Amino acid sequence: MTIIDNFKRLRPTDAVFICTALLCLAPFISSPIALILGFLLASFGFVPTQFNIAALTKKLLSYSIIGLGFGIHLNEAIEASKAGLGLIICSIFFTLLLGWIATHFLSLDKKTGHLIASGTAICGGSAIAAVSPAINARDDQTSLALATVFVLNAVALFIFPAIGHLLDMSQHAFGTWAAIAIHDTSSVVGAAGSYGDEALKTATTLKLARALWIIPVAFISALLFKGNSKKIAVPYFIVLYCVAILVAHFLPQLQPVYDMIFTASKRLLVVCLFLIGSGITVNKLRNAGPKPMLLGVLLWLAIGSASLIYIEMFIP
């Protein structure tokens, strides 16, 4: 079936969904509002069924992240990565170890617990999607982990900027905290973007440095669970993000173009959060159940509070 055929099958409710998605390109729609709009339309059955929203979201998110690379200065990216490398490594292995211990004490399924811990430690849904085939996880185990992480991502968009302003955190400090303590790249960039451009650049750089750990963690996971290391998915958009930074660095004469791409990418990201919100339904929240959600909250509180204390003490 062609794209034209899909559009011919649009219902009036589908038109409302598409118009709302386009509205999210407007500067007065923030990331949290876009997420809520998506959730509300999904709750009332306004999400088109003839389009693969999940696949579209993944592609648009990749494009927006690559576009943000044109607004990152190479020297700043290197400095931020060097300064945050130790914090990134410690936070990842601390979260994975705590997740293994908590999974045991909660009597939670080991693979489900490991997927939630991996998503919390690295980059939410992307990490779960990469680790899941490596450990031969079932669909229901993957779905539970994704649902848990998606809910906490939605919460993060609201509470992180509020806490940052309450503590009067600097742009750099908040960007670092968001990159370490929020799961998905989309929510990291969304929360940091609402805090300020400097926070956005810091958060994006550190978050993608953290996301690179998908590959070694997936390999280790395959060994621990006797899975298939050949099924590991490599996040190629991270490589293209680095290419965008290099292009902007070595061709500075095109800076006005890069500024437009950076601005457009920030708006596209808001649309992505709308689409992500449209995938969070009441059934998903119900199916997540108490134990997976409890594990997700415990890990999130642990890494969020520990990294916040460190940042408040050592990062201006």
Side-chain angles (χ1 to χ4, degrees), residues 65 81 84-106 108-135 137 141-156 160 175-189 191-192 203-225 227 229 232-235 238 288 291-311:
I65 295 298
S81 299
L85 183 60
L87 183 58
I88 290 171
I89 295 174
C90 290
S91 66
I92 288 173
F93 286 99
F94 167 74
T95 305
L96 291 173
L97 177 60
L98 183 61
W100 181 80
I101 295 172
T103 296
H104 174 73
F105 278 99
L106 289 173
L108 181 65
D109 173 78
K110 289 183 179 180
K111 289 187 178 180
T112 302
H114 183 70
L115 289 174
I116 293 172
S118 298
T120 305
I122 309 173
C123 57
S126 298
I128 293 171
V131 173
S132 179
I135 65 173
Q141 295 168 326
T142 304
S143 297
L144 280 174
L146 287 171
T148 301
V149 166
F150 282 160
V151 171
L152 297 181
N153 273 320
V155 175
F160 268 68
T176 302
W177 186 42
I180 297 298
I182 301 179
H183 311 72
D184 268 344
T185 303
S186 57
S187 292
V188 170
V189 180
T204 305
T205 301
L206 288 179
K207 177 60 179 177
L208 294 183
R210 178 181 163 202
L212 289 173
W213 284 83
I214 286 178
I215 300 169
V217 167
F219 273 113
I220 294 172
S221 301
L223 293 175
L224 290 175
F225 286 87
S229 60
I232 296 170
V234 180
I238 299 176
K291 284 187 178 181
M293 188 60 67
L294 179 58
L295 174 63
V297 171
L298 286 174
L299 294 179
W300 194 37
L301 289 176
I303 190 60
S305 56
S307 59
L308 178 60
I309 292 171
Y310 176 88
I311 290 167

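Keep in mind that the numbers below use all heavy atoms, side chains included, and drop hydrogens, waters and symmetry copies. From a predicted model like this one, the values you see are computed outputs, not experimental measurements.
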For the student: nearest non-hydrogen atoms of [X] and [Y], plus distance:
{"X": "Leu115", "Y": "Ala145", "value": "CB-CB, 3.6 Å"}
{"X": "Trp177", "Y": "Gly304", "value": "NE1-O, 3.0 Å"}
{"X": "Ile182", "Y": "Ser187", "value": "CG2-CB, 3.7 Å"}
{"X": "Ser118", "Y": "Ala127", "value": "O-CB, 3.6 Å"}
{"X": "Ile88", "Y": "Ala209", "value": "CD1-CB, 4.0 Å"}
{"X": "Ala117", "Y": "Thr95", "value": "O-CG2, 3.8 Å"}

Point-to-point distance, once rounded to the nearest 0.5 Å, from [atom1] of [X] to [atom2] of [Y]:
{"X": "Leu152", "Y": "Thr120", "atom1": "CG", "atom2": "OG1", "result": "7.0 Å"}
{"X": "Leu295", "Y": "Ile116", "atom1": "CG", "atom2": "CD1", "result": "5.0 Å"}
{"X": "Phe150", "Y": "Thr148", "atom1": "CZ", "atom2": "OG1", "result": "10.5 Å"}
{"X": "Leu87", "Y": "Ile180", "atom1": "CG", "atom2": "CD1", "result": "4.0 Å"}
{"X": "Ile89", "Y": "Leu85", "atom1": "CD1", "atom2": "CG", "result": "4.0 Å"}
{"X": "Asp109", "Y": "Lys291", "atom1": "CG", "atom2": "NZ", "result": "10.5 Å"}

Q: Assess whether side chain to side chain contact (heavy atoms under 4.5 Å, CB included) is satisfied between Thr204 and Val188, documenting all intermediate values.
A: CA-CA 7 Å; Thr204 305; Val188 170; over 6 Å; no
Test His183 against Cys123 for side chain to side chain contact (heavy atoms under 4.5 Å, CB included), laying out the working first. CA-CA 5 Å; His183 311 72; Cys123 57; over 6 Å; no
Practice problem: If the plane angle is over 60° it's perpendicular, under 30° parallel, otherwise tilted; pick one for His114 and Phe225. | Solution: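 The arrangement is tilted - the two ring planes meet at 30° to 60°.
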| task | Kindly write out the residues that satisfy side chain to side chain donor-acceptor pair (under 3.5 Å) with Ser132, not counting sequence neighbours, or none if the list is empty. | result |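 Ser132 satisfies side chain to side chain donor-acceptor pair (under 3.5 Å) with Thr142 only.
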Check whether [X] reaches the backbone of [Y] with its side chain - one donor and one acceptor, N or O, closer than 3.5 Å.
{"X": "Arg210", "Y": "Ser91", "result": "no"}
{"X": "Asn153", "Y": "Asp184", "result": "yes"}
{"X": "Lys207", "Y": "Ile122", "result": "yes"}

Exercise. Could you walk me through whether Trp300 and Val155 pass the side chain to side chain contact (heavy atoms under 4.5 Å, CB included) test, one step at a time?
Key: CA-CA 11 Å; Trp300 194 37; Val155 175; 3.9 Å; yes
Distance-only donor-acceptor pairs under 3.5 Å for side chains of residues 96-105, two or more places apart:
{"from": "Thr103", "atom 1": "OG1", "to": "Gly99", "atom 2": "O", "distance (Å)": "2.7"}

Inset, instruction - Give the intermediate values and the outcome of side chain to side chain contact (heavy atoms under 4.5 Å, CB included) for residues Phe93 and Trp213. - result: CA-CA 10 Å; Phe93 286 99; Trp213 284 83; 3.9 Å; yes
